[in-house]
Amino acid sequence: MMNAITLSSIFVLDQDEALDFYVGKLGFEVHTDVDLGFMRWLTICVPGTPAREILLERPGPPAHDEATAERIRELVTKGATGGWLGFTTDDIHKTHAELVEKGVEITQEPTVQSYGTDMAIRDPFGNALRIREAPAA
């Protein structure tokens, strides 16, 4: 049986721009950046959690032919791929202020929910990201 999630992926249209956003603005670390010839394998991780990688995947070969890759790019731009990433923070209001200062697009202000306080942002490509602070114990 499986016992851990070690790799997720999110489609990005430009891997260098994705690095600027995820590393430069959100504070992630580059885990792996390798040119495989047929694609660039670029993963990031939350600092201190190298066992959980996120692949910043450009639509295209070897997984997609050009027509499919173009359709995926259109869907990503519309925020319609259906995928999203969720993260936690210890202080959502501080995180919110830092992201606003860095020019990150906030799509939902911090909102108290039964499961904690959460907010939503978008990356430069249209992907949805959620950030949650757990409720006080």
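Computed from a prediction, not measured in an experiment: that's the story for all the values here. Worth knowing before you read on, the calculation uses all heavy atoms, side chains too, and leaves out hydrogens, waters and symmetry mates.
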What's the verdict on side chain to side chain donor-acceptor pair (under 3.5 Å) for R130 and Q108, showing C-alpha distance, side-chain angles and the deciding distance? CA-CA 9 Å; R130 305 233 25 124; Q108 180 190 322; 2.9 Å; yes
Heavy atoms of P135 and G116 approach each other most closely as CD-CA, 3.6 Å
Between R73 and E66, does any side-chain N to carboxylate O distance fall below 4.0 Å? yes
So, F28 versus F21, ring centres under 6.0 angstrom or not? no
Checking R58, H64, E57 against I72 for side chain to side chain contact (heavy atoms under 4.5 Å, CB included), the one that qualifies is H64
Backbone of R40 reached by a side-chain donor or acceptor of Q15 within 3.5 Å: yes
NZ (K102) with more than 12 external heavy atoms under 6.0 Å: yes
Does the pair K25/D20 count as a salt bridge with the N-to-O cut at 4.0 Å? no
Report, as yes or no, whether the 6.0 Å neighbourhood of atom CG on D90 holds more than 12 heavy atoms from other residues, nucleotides or ligands. no
Residues at least two apart in sequence or cross-chain that pass side chain to side chain contact (heavy atoms under 4.5 Å, CB included) with I5, listed by chain then number, are S8, R52
Would you say that I44 contacts T32 through its side chain, given a criterion of any heavy-atom pair below 4.5 Å between the two side chains? no
dist I121:CD1 -> T95:OG1 (nearest 0.5 Å) comes out at 9.5 Å
Provide the closest heavy-atom pair for E29 versus G48 in the form atom of the first, atom of the second, distance. OE1-N, 3.9 Å
Mark yes or no for whether H31, through its side chain, and P50, through its backbone, hold a donor-acceptor pair below 3.5 Å. yes
Using atom types as modelled and distance alone, determine if a side-chain donor or acceptor of D123 lies under 3.5 Å from a backbone N or O of Y22. no
Closest heavy-atom contact between K94 and D91? N-OD1, 3.0 Å
Do any N or O atoms from the side chain of E53 and from the backbone of C45 form a donor-acceptor pair under 3.5 angstrom? no
With rounding to the nearest 0.5 Å, note down the distance linking CE in M119 to NE2 in H93. 10.0 Å
Between F125 and I10, is there a side-chain heavy-atom distance shorter than 4.5 Å? no
Rounded to the nearest 0.5 Å, what separation is found between the CG atom of L99 and the CD1 atom of I131? 5.0 Å
Apply salt bridge (Lys or Arg N to Asp or Glu O under 4.0 Å) to the pair R71 and D65, showing each step before the final yes or no. CA-CA 10 Å; R71 183 70 179 133; D65 60 41; over 6 Å; no
State yes or no: do W84 and F11 share one hydrophobic cluster built from I, L, V, M, F, W and Y residues joined by side-chain heavy-atom distances below 4.5 Å, directly or via other members? no
So if I apply the side chain to side chain contact (heavy atoms under 4.5 Å, CB included) rule between Y115 and each of D118, V112, T117, which one comes out positive? D118
Any chance you could pull the hydrophobic cluster mates of V34, using side-chain heavy atoms under 4.5 angstrom and chaining through other members? L7, L36, F38, M39, W41, L55
Quick check: closest heavy atoms across V12 and P59, and the distance to 0.1 Å? O-CD, 3.3 Å
Just do the side chain to side chain contact (heavy atoms under 4.5 Å, CB included) check on L129 and F87 with the steps written out, would you? CA-CA 8 Å; L129 308 173; F87 305 100; 4.2 Å; yes
Output yes when a side-chain donor or acceptor of R122 lies under 3.5 Å from a complementary backbone atom of G79, and no otherwise. no
Pick one: which of T43, L42, L85, V46 meets side chain to side chain contact (heavy atoms under 4.5 Å, CB included) with I54? L85
